[in-house]
2 protein chains.
Amino acid sequence: MVSIKDVARDAGVSPQTVSNCINNPDIVKPATRELVAASIKRLKYTPNASARRLRMQRSNTIAIGIAPTSRSQVYDRLLHALVTEADARNIRVTLYKTDSHQDEIRQFAALSAQGDVDAFILTDTAHGDPRINWLNEHRQTFVLFGRPWGLDDMYDPSVPWVDVDGRHGIADMAQYLILHGRKHIGFIGWPGLSGTGNDRRMGWQDVMLGARMATEDELDTLSDTAEDEIFSAQIACTRLLERRPDIDAIICVSDTIATGARLALAAGSGDDGIAVSGFDDTATAESMGLNSIAQPLTESARELMRIIQERLDAGPDLQNGVDDCHVLLPPKIIIR
Amino acid sequence: MVSIKDVARDAGVSPQTVSNCINNPDIVKPATRELVAASIKRLKYTPNASARRLRMQRSNTIAIGIAPTSRSQVYDRLLHALVTEADARNIRVTLYKTDSHQDEIRQFAALSAQGDVDAFILTDTAHGDPRINWLNEHRQTFVLFGRPWGLDDMYDPSVPWVDVDGRHGIADMAQYLILHGRKHIGFIGWPGLSGTGNDRRMGWQDVMLGARMATEDELDTLSDTAEDEIFSAQIACTRLLERRPDIDAIICVSDTIATGARLALAAGSGDDGIAVSGFDDTATAESMGLNSIAQPLTESARELMRIIQERLDAGPDLQNGVDDCHVLLPPKIIIR
DNA sequence: CTGTTAGCGCATTCAT
DNA sequence: ATGAATGCGCTAACAG
């Protein structure tokens, strides 16, 4: 294990100069800088992370939870985007398990007390989420991926978030379909009052009413709901078409539901020409030739990291509100 | 930030005694031990991980890669199992990106040089994998999840692995189906020569021949292949049934393919009574009511961690072969 | 059984 | 512009 001292000896300078060459290159004479650089390269020196962390009192590490059973089809991709963005900033990403909110808070406590982590990224936040309170009370840096739908003030600067504008994405898709001659566009959403699901339905509704493709009353007959699984979606789609045989396009709240819809259609009249679109641009959507809406995960990861870094650099003084800490990103419609 | 000194002062002992209470409780008098324990609790002391890591020259952290687009449906669950098992051993799990083998090796180099990580877990290893050579040459501890199919000697002690016995699982499923009166069991696999895919097909073949449910020649007409997507699987299934209308059960190499098969059957004759089984016991399989084969991910994670820890504890001296470092775990058939 | 000393590798004072 | 000292928090080796 080669340390800063070895480099210093090799280059004939003091350890501090080597340190400066790495962290503050400007204040060292170019000649010595190159000398040191050569030694670093020759000895394959890399600063020891633990020592640096101990000295700096900062872990350069963020944490994100992993649930027993992943809810999202895009979680892998989010993780990859996050790791990529973190890597570019020389930050590590560690996982912690989230078996329950209670368990997750235990993890917060352990990871922050041990100085293992500088910040947390939370997903699937719900109304009255105890995690948010805990983190704020313990002055831990964090960002949500996904809006905190139930919160009184969604733009509270003490609860930063990054999210994808599903409503906008669905609206874009509806616009596109209308532009390409579709007249009767149905919608299959999730049952219940999911913030995300409701937001996406609004996108469809916005366009249908705005373009006068449907009246308020008609919206109910033009839409249906299904659990997020293929089978349930098939049934919903069949039901929808029985009610409205004039439908020439169906927008679905997820790729899974879109898959079910497409299969219901195929089982029915064969080549029906009905356009089906989903959400998340998963491998399934691609292989089934479905339209879909792609979340900008790379940009999301970039924004998440930006907010975290700004908050960390701002120090523990509550510099809230100075940064742009509520970011809504537009997704991209994928036409196949 | 409360340190070991604060606890020592509070308890009226030396820092070393506090350290002993935590790491070597046996050598400290019970009375003082409780005294210290009380102080620790009162001050909410937690040892600083970076300091300990620096002192111990060990990171207590393992790394696992995350690919841009996840190949496996069970990766999330593997990660969760791994984090859970690591957590129990007070070990952290960090992610690194694996855009290519070359990139992955760069990550190995960076993470190990910085002392960020003690060991790596590799997935999707293929013949002549350069990563394995690099890790062995640089004396890095690692374990594969999944057998290194192409390797000359799969039981080389310098290449430890943990894997799930897909052949065995598929064979169990075939046995079960025969036991329940199925006579003509088809198989849909992946095209090409995937080690995993071929292994699973062997499980089916073993039982079919062993139970004299098919002759060697028949195996080809009883099986087909499809890419790992619903659409391709539908076509393969249809083709298979045209060739062999007598089939009363289909075993598929994955849940995705099983889904396609089930849909092809539904589109055909309605309630056909044909049993369809997949692999991985994903949410899709459950929602479609498919039989499936569940990988023992918790046990896999446990074995992976065991091997890593044994190797780390053995020190850098090549203690290879002393531990049981090639583990094949039986999966569980799920009947619905 | 407990306290003292020392050092893991680094970066931030302060001198020069 | 560079070097010498100091300490981040912890534990291993010794001394008592």
Side-chain angles (χ1 to χ4, degrees), chain A residues 1-37 39-40 43-61 90 110-118 313 315, chain B residues 1-37 39-40 43-61 90 110-118 313 315:
Chain A
M1 170 113 296
V2 38
S3 95
I4 203 170
K5 279 185 187 171
D6 303 315
V7 177
R9 196 177 318 117
D10 185 79
V13 298
S14 81
Q16 296 62 29
T17 304
V18 178
S19 175
N20 283 335
C21 286
I22 298 167
N23 305 305
N24 229 336
D26 305 329
I27 71 163
V28 57
K29 190 163 55 181
T32 27
R33 202 192 308 162
E34 285 178 32
L35 196 67
V36 170
S39 288
I40 287 178
L43 303 182
K44 299 190 201 309
Y45 167 71
T46 311
N48 179 288
S50 295
R52 176 178 274 174
R53 289 205 261 265
L54 175 59
R55 185 62 179 81
M56 305 299 280
Q57 299 289 71
R58 177 176 292 199
S59 66
N60 289 317
T61 303
N90 201 27
L111 289 171
S112 64
Q114 297 182 180
D116 262 322
V117 150
D118 294 329
D313 293 347
Chain B
M1 168 113 299
V2 37
S3 92
I4 203 169
K5 280 184 186 171
D6 303 314
V7 178
R9 196 178 318 116
D10 185 79
V13 298
S14 81
Q16 182 52 30
T17 303
V18 178
S19 174
N20 284 337
C21 286
I22 298 168
N23 305 306
N24 229 337
D26 305 330
I27 70 163
V28 56
K29 190 164 57 179
T32 28
R33 203 193 304 163
E34 285 179 33
L35 196 68
V36 170
S39 288
I40 287 179
L43 302 182
K44 297 190 203 308
Y45 166 70
T46 313
N48 181 288
S50 296
R52 175 177 274 175
R53 289 204 261 264
L54 176 58
R55 187 59 178 82
M56 305 298 282
Q57 299 288 72
R58 175 177 296 199
S59 66
N60 289 317
T61 303
N90 201 28
L111 288 171
S112 64
Q114 295 181 179
D116 262 321
V117 151
D118 294 329
D313 293 347

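Just so it is clear: chains get the letters A, B, ... in the order the sequence lines come, proteins before strands, and each one is counted from 1.
Considering only side-chain atoms of M1(B), the nucleotide from dG9(D), dG3(D), dA11(C) that sits closest is dG9(D). For N48(B), the side-chain atoms get nearest to dG9(D) when compared with the rest of dA11(C), dC8(C), dG9(D). Checked against dC10(D), dA12(D), dC8(C), the side chain of L54(B) finds its nearest nucleotide in dC8(C). Set against dC10(D), dA11(C), dC8(D), the side chain of Q57(A) has dC8(D) as its closest nucleotide. You'll find that the side chain of Q16(A) is closest to dG3(D), out of dG9(D), dC10(C), dG3(D). Among the nucleotides dG3(C), dG9(D), dC10(C), the one closest to any side-chain atom of V13(B) is dG3(C).
Of the charged side-chain nitrogens involved, none lies within less than 4.0 Å of a carboxylate oxygen, so that R53(A) and D118(A) do not count as a salt-bridged pair. Using a cutoff of 4.0 Å between basic side-chain nitrogens and carboxylate oxygens, K44(B) and D6(B) are not scored as salt-bridged.
Looking at heavy-atom distances under 4.0 Å, P15(A) makes no contact with the nucleic acid at all. Counting non-hydrogen atoms under 4.0 angstrom, N24(A) reaches nothing in the nucleic acid. Among the protein residues, S50(A) comes within range of no part of the nucleic acid, since none of its heavy atoms lies under 4.0 Å from any strand.
Separating the CZ atom of R58(B) from the C1' atom of dG9(D) is a distance of 19 Å, rounded to the nearest angstrom. When the P atom of dG9(D) is taken as reference, atom CD1 of I22(B) falls 14 Å away, rounded to whole Å. Computed from coordinates, the R53(B) CZ to dC8(D) C1' distance equals 15 Å when rounded to whole Å. For the pair R9(A) CZ and dG3(D) C1', the interatomic distance rounds to 16 Å; values are reported in whole Å. Distance, M56(A) CE to dT12(C) C1': 9 Å, rounded to whole Å. Residue D6(A) contributes atom CG, which lies 13 Å from atom C1' of dC8(C) at whole-angstrom precision. Counting to the nearest Å, the P atom of dC8(C) and the CZ atom of R52(A) are 18 Å from each other.
Within the 4.5 Å cutoff, the side chain of S3(A) has no heavy atoms near those of the N48(A) side chain.
Side-chain contact of S14(A) with Q16(A): a donor-acceptor pair under 3.5 Å is present, judged by distance alone.
The side chain of S19(B) contributes no N or O atom lying less than 4.0 Å from OP1 or OP2 of dC10(D). In this model, the phosphate group of dG9(D) is not approached by any side-chain N or O of S3(B) to a distance below 4.0 Å at OP1 or OP2.
Nearest-nucleotide mapping onto DNA chain C: of G12(B) and P47(A), the residue sitting toward the 5' end is G12(B). The nearest heavy atom of DNA chain C to K5(A) and to R55(A) marks one nucleotide each, and the one closer to the 5' end goes with K5(A).
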Assess the residue pair V13(B) and V18(B) against the criterion (side-chain contact (heavy atoms from CB on, under 4.5 Å)); give the C-alpha distance rounded to whole Å, side-chain angles, the decisive distance to 0.1 Å, and a yes or no. CA-CA 7 Å; V13(B) 298; V18(B) 178; 3.9 Å; yes
